[in-house]
Amino acid sequence: MPKKVKIEVLIKPSHNKGVPSMIDTQRFKTVQLAGMPITDYIIVHESGAAPERAANELCSYLEKTVGMKLSVSVDAESSAKKAEILVGKTNRESSGWPMLDRTGFTGMAEDGFIIAVKDGRLILTGGNHRGTFYAVYEFLEQMIGWRFFADDCEVLTGPDELDIAEGTFDCQKPVLESRDTHWNDYYPVPIRVKRKLNTGSKWADTPDETWGGTFEYAGTFSHTMCEIIPEIGNGEGQPCYTDPAVLERAIAWVRKTADAHPGARIVPVTQNDNWNYCQCERCQKVYDEEGSPAGVIIRLANAVADSIRDDYPELSIDTFAYQWTRKAPLVTKPRENVIVRLCTGGECRNHRYDDTSCHFNQTLHIDIAQWAAITKRLFVWDYTTNFSYFLVPFANIGQLHHNLRWMRDNHMSGIFSQGNHLCKGTELGPLRAYLLAKIAWDPDLSDETYSAYMDDFLEGYYGAGWKNIRRYVDLIEECGKNRHVTIYGRPEYILDRRKYVSACPEIEGWFDAAEKAVTGEQRDRVFRLRLSHIFAKQWFTFDERYAKGGAERTAAVEEHRAYYFAVRAFGLRISEGHPFPAEVDFEKGVKSWYEPYEWELGSEFLDEGETL
């Protein structure tokens, strides 16, 4: 007998006590809406390209769910009926029905939305067009059972029969003004909208107005000073930020950039990516007054913001607290139309940011508190991968939700979580992108819900053998315990070598079982993840196996050869700064891939095996 469930109240994700298991996506569901078959309903949308697209998205997924296509029409061209699904702010509201409380959907809350079943009608509407899309996808996820894991992985879950009750109501508003997950896996527009990522930058595909638009950064997303003063390259140095000519050029550049991007909300005025800041007498005087070199960049950003305020009242200036500017100034406070983007860096990713016993995280506590004391618009650029070793297992998944919640509690109002932005599907990147998007919308996720979302993803993305993948994820976290995990760390600093090597036979059994349980794309995903394990195994064991000679040496070399061609076939990179090597010596292990760059990647901060 098929399962049947009656949904009395829409549960918000933060209160979700369980995630349904996967079902065959070819089976259709029976869906009742306020006691009527949903197939008896028509979809009526607000006039405009974005509401029309949102309505058609809803129609498409409902057709895949119930096996029948619902009629879609614009509100002005259809008379009101009882059996309607209303998408957007339709003319039914302006005529007095339905009565919805739209107060509070301004400012940061404009991305919020309402899902309601009232007098037999289903209402999916937002504070803006993005919010309407969010209402549609949230309804499909929480009420119908769709899961949007990645641009190439969507799964229908849950019971075969649904009854969505009269009186169902949910109103959600974002906690963060700006939300972005900078992983290559989440670059396509549809998955960004489905996962409520609202910020447009130069890297990811940017939703146009038909997708609800974005919280847009105009022009280049970062290190714009090399565009303002092009004679100084990004990696070469910094201009003199107290030079009046630099201010004049910055104002002119901001105005030109704003005019070229009329819908933009933010223009960055951000330092070049190097530590070579000006040492002139005038700048040094500001450093002394402010107790930090950040004083010169905040004073510059304030002056630019003041100059454009009247002509561009909706525009804000964004600047960095990064490298030499991360410590907040003592005197100058950012204007209300200045956003400070604090960048994490050398912090430990295996210990929570709120763990002050970890000496790597102590400076962040001081810096974020000092910035929070002087600005209400504190965004964070957080690094969430190993930029030197994209392929190595990275032990930070257990900390992501705690870190984001802690930053929010310290008055962060925007998040940019940067990961592997250069290649898709590396290591556990797809899982991280999914979880980071989830917690950006709801930083208060409990540990239980966070874990349930992880299981939900692993089952849908990797298929029937997913519990083996979960065991692997948990082992990575275990192998990272009591170690300092940084974003440039060598594998031996991230993982306990002895513990990982001793577990290799068990790990390979897990991957064998996970691959055997699935076919097609899911099998490919399991194999792609397995490449991360093989990298760690090669890194830790190749030299020893090679030194033994005989069959052990042959096996190690052949594994290296097969691994090289498998990774190359996927078009992966070994690090942020370096592409995949064109040639390798198979008589050496994967460490040889890094030999040309060893001077740069170095030994990181720790002696091997250092623990707390």
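Screening residues 395-407 for salt bridge (charged side-chain N to carboxylate O under 4.0 Å, His left out) gives no qualifying pairs among residues at least two apart or on separate chains. For residues 282-297, the salt bridge (charged side-chain N to carboxylate O under 4.0 Å, His left out) pairs, not counting sequence neighbours, are E289-R299, E290-R299.
Judged by the 6.0 Å and 45° rule, R341 forms a cation-pi pair with F221.
In this structure, I232 and M225 have side chains that are not in contact, with every pair of non-hydrogen atoms separated by 4.5 Å or more. The closest side-chain heavy-atom distance from L124 to T132 is not below 4.5 Å. By the 4.5 Å heavy-atom criterion applied to side chains, I374 and P329 are counted as neighbours. A 4.5 Å side-chain heavy-atom check between I397 and R432 finds at least one atom pair inside the cut-off. Contact annotation: the side chain of L300 never approaches that of V296 to less than 4.5 Å [non-hydrogen atoms, C-beta and beyond]. R192 has its side chain within reach of D180: a pair of non-hydrogen atoms, C-beta onward, lies under 4.5 Å apart. Between E236 and N276 the shortest side-chain heavy-atom distance does not fall below 4.5 Å. At a threshold of 4.5 Å between non-hydrogen side-chain atoms, the residues C348 and H484 count as touching.
Counting only distance, with no hydrogens or angles, the side chain of N350 and the backbone of V485 share no donor-acceptor pair below 3.5 Å. For the pair T384 (side chain) and Q418 (backbone), a donor-acceptor distance under 3.5 Å is present.
Ring pair F379/F215 is tilted by interplanar angle, where 30° to 60° counts as tilted.
Of all heavy-atom pairs between N337 and A305, the closest is ND2-O, 3.2 Å. Nearest approach of L330 to G291, heavy atoms of both residues: CD1-CA, 4.0 Å. Closest approach of H401 and D447 over heavy atoms only: NE2-OD1, 2.9 Å. The two residues V304 and A250 make their nearest non-hydrogen contact at CG2-CB, 4.0 Å. The two residues I114 and C171 come nearest to each other via the heavy atoms CG1-SG, 4.1 Å.
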| request: List the steps, then state whether side-chain hydrogen bond (donor to acceptor under 3.5 Å, both in side chains) holds for W183 with T385. | output: CA-CA 9 Å; W183 283 81; T385 195; over 6 Å; no
| message | I'd like to know whether N274 forms a side-chain hydrogen bond (donor to acceptor under 3.5 Å, both in side chains) with Q323, so could you lay out the CA-CA distance, the side-chain angles of the two residues, the decisive distance to 0.1 Å, and finally the verdict. | response | CA-CA 8 Å; N274 62 75; Q323 294 179 342; over 6 Å; no
| request: Check the pair Y277, Q271 against side-chain hydrogen bond (donor to acceptor under 3.5 Å, both in side chains), reporting the backbone distance first and the verdict last. | output: CA-CA 9 Å; Y277 54 94; Q271 69 212 50; over 6 Å; no
| request: Kindly determine whether T199 and S178 satisfy side-chain hydrogen bond (donor to acceptor under 3.5 Å, both in side chains), including the steps that lead there. | output: CA-CA 6 Å; T199 301; S178 173; 2.5 Å; yes
| Derivation and outcome, salt bridge (charged side-chain N to carboxylate O under 4.0 Å, His left out), residues K89 and D75 | CA-CA 10 Å; K89 188 175 181 179; D75 55 0; over 6 Å; no
| query | Stepwise, does the side-chain contact (heavy atoms from CB on, under 4.5 Å) test hold for V338 with K333? | reply | CA-CA 10 Å; V338 170; K333 296 181 179 181; over 6 Å; no
| request: Would you check, one step at a time, whether the test side-chain contact (heavy atoms from CB on, under 4.5 Å) holds for H411 with S413? | output: CA-CA 6 Å; H411 308 289; S413 60; over 6 Å; no
| task | Evaluate the criterion side-chain contact (heavy atoms from CB on, under 4.5 Å) for residue pair R255 and Y312; output intermediate values, then yes/no. | result | CA-CA 9 Å; R255 287 179 173 273; Y312 304 90; 3.5 Å; yes
| request: Go through the steps for E141 and Y137 under the test side-chain contact (heavy atoms from CB on, under 4.5 Å), then give the verdict. | output: CA-CA 6 Å; E141 279 203 306; Y137 292 128; 5.6 Å; no
| request: Under the ring pair (Phe, Tyr, Trp, His ring centres under 6.0 Å) rule, what do Y61 and F148 come out as? Steps first, then yes or no, please. | output: CA-CA 11 Å; Y61 283 101; F148 306 114; 5.3 Å; yes
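In this structure, the ring of Y389 has its center no less than 6.0 angstrom from the ring center of Y493. Taking the centre of each ring, F320 and H223 come in below the 6.0 Å mark. In this structure, Y322 has its ring center at least 6.0 angstrom away from the ring center of W381. Taking the ring centroids of F360 and H351, they lie at or beyond the 6.0 Å cut-off.
Surrounding CD of E248 are at most 12 heavy atoms belonging to other residues, nucleotides or ligands under 6.0 Å away. At most 12 heavy atoms of other shown residues, nucleotides or ligands fall within 6.0 angstrom of atom CD in E314. Atom CD of E336 has 12 or fewer neighbouring heavy atoms from other residues, nucleotides or ligands inside a 6.0 Å radius. In this structure, E281 places its CD atom where only 12 or fewer heavy-atom neighbours from other residues, nucleotides or ligands lie under 6.0 Å away.
The CG atom of N396 sits 13.0 Å away from atom CD of E347, with the distance rounded to the nearest 0.5 Å. Once rounded to the nearest 0.5 Å, the distance linking CG of L197 with CG of D111 reads 11.0 Å. Separating the CG atom in D185 from the OH atom in Y187 is a distance of 9.5 Å, to the nearest 0.5 Å. A distance of 13.0 Å separates CG in D442 from OH in Y450, rounded to the nearest 0.5 Å. A distance of 10.5 Å separates OH in Y186 from NZ in K194, rounded to the nearest 0.5 Å. Atom CD of residue E576 and atom CZ of residue F390 lie 5.5 Å apart, to the nearest 0.5 angstrom.
Ion pairing between D318 and R377 fails under the 4.0 Å rule for side-chain N and carboxylate O. A salt bridge links R309 with D306: the closest approach of a Lys/Arg side-chain nitrogen to an acidic carboxylate oxygen falls below 4.0 angstrom.
Applying the ring-ring contact (aromatic ring centres under 6.0 Å, His included) criterion to W406, with sequence neighbours excluded, gives H365. With sequence neighbours excluded, the residues that form a side chain to side chain contact (heavy atoms under 4.5 Å, CB included) with N403 are R352, Y353, Q399. By the side chain to side chain contact (heavy atoms under 4.5 Å, CB included) test, T214 is found to be paired with T206, P207, E216, residues two or more places apart in sequence or in another chain being considered. For the side-chain hydrogen bond (donor to acceptor under 3.5 Å, both in side chains) test, residues two or more places apart in sequence or in another chain that qualify with K424 are D151.
Each of I368, L342, D354 was checked for a side-chain contact (heavy atoms from CB on, under 4.5 Å) with M407, and the lone residue meeting it is I368.
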